[in-house]
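Just so it is clear, the structure is predicted and the values come from calculations on it, not from any experiment. So you know, we letter chains A, B, ... as the sequences are listed, proteins then strands, and number each from 1.
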Amino acid sequence: MLETSARLLRLLSLLQTHRDWSGADLADRLGVTPRTVRRDVDKLRELGYPVNAARGTGGGYQLGAGAELPPLLLDDEEAVAVAVGLRTAAGHGIEGIGESSVRALAKLEQVLPNRLRRRVGALGAFTVPMLHGQDASVVDPGLLTELAAACRDAERLRFAYRTHGGDSSRRTVEPHRLVCTERRWYLVAWDLEREDWRTFRADRITPTPPH
DNA sequence: ATGAGGGGACGCGCGCTTAG
DNA sequence: CTAAGCGCGCGTCCCCTCAT
């Protein structure tokens, strides 16, 4: 029974990750017979999951889009991304979005494992939204997490910073806040050498190990 | 014709409940 | 405490339907 619901979750997770799966593949992965897979797919459908099936050569199962959104299984990275996105949306004051974001966030945080709650907390509490930005720049989410965690823990940070001109300098800072524009992340921090507040573009930061 | 999902019927094994 | 009874999940068998 407990075994069954666990298998149902695994099946759902398989369907959410991939392409389409043949019944035989799913049976193989789940360690049951195809007949049992069919029964499990039935159960998922009863629970409201839109599982599409294609017959004939090259057929298989696929998770489709339904009229209602069933619960999702997110991996750690996805859960953090969604939670942070919701927090940002909630804080942006966009009409109609803010309140829904808070509601969704409440649901998500209710089921969020503790280890993720900490990460979301770090990113959420130490970022502040700022309006308007221009071009896109890509920042490693791992770096953002690291910067946010440093803000949260008031942890001194050393990194190499690439300037607009292209030359690189080493900085030692006391991080204060991560600031998000529409497209860009900035770290606001106290620069110990220059004895002043500085704003660093996150995509120009390369962390160096402390010594 | 072939290969895929869909599903009914049946039996087996396991765990739980209940009568003795 | 034990054995019978029961429900349930699963595998097996078999046939159906549909797409290629």
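Under a 4.0 Å N-O distance rule, the pair A:D40/A:R38 does not qualify as a salt bridge. Using a 4.0 Å cut-off between charged nitrogen and carboxylate oxygen, A:D42 and A:R39 do not count as a salt-bridge pair.
Checked against side chain to side chain donor-acceptor pair (under 3.5 Å), A:S168 has no partners two or more places apart in sequence or in another chain. For A:Y49, there are no ring pair (Phe, Tyr, Trp, His ring centres under 6.0 Å) partners at least two apart in sequence or on another chain.
In this structure, CG of A:L11 is placed 16 Å from P of C:dG9, rounded to the nearest angstrom. When rounded to the nearest whole Å, the span between CG of A:L44 and C1' of B:dG6 equals 16 Å. For A:L26 and B:dG5, the CG to C1' distance is 12 Å, given to the nearest whole Å. Regarding A:D40, its CG atom lies at a distance of 13 Å from the P atom of B:dG6, rounded to whole Å. If you measure from atom CH2 of A:W21 to atom P of B:dG5, you get 13 Å, rounded to the nearest angstrom. Put simply, CZ on A:R55 is 9 Å from C1' on C:dC16, counting in whole angstrom units.
Projected onto DNA chain C by closest heavy-atom contact, A:R38 and A:K43 fall at different nucleotides, the more 5' of which corresponds to A:K43. Heavy-atom nearest nucleotides on DNA chain B were determined for A:G60 and for A:R39, and the one closer to the 5' end corresponds to A:G60.
No donor-acceptor contact under 3.5 Å links the side chain of A:R35 to the base of C:dG11.
Residue-level contact check: A:V32 touches the backbone only, with heavy atoms under 4.0 Å from sugar-phosphate atoms and none from bases. At the heavy-atom level, A:A24 lies nowhere under 4.0 Å from the strands shown.
Side-chain N/O atoms of A:R45 include one lying less than 4.0 angstrom from OP1 or OP2 on B:dG6.
Residue A:Y61 places its side chain closer to B:dG5 than to any other of C:dC10, B:dG5, C:dT12.
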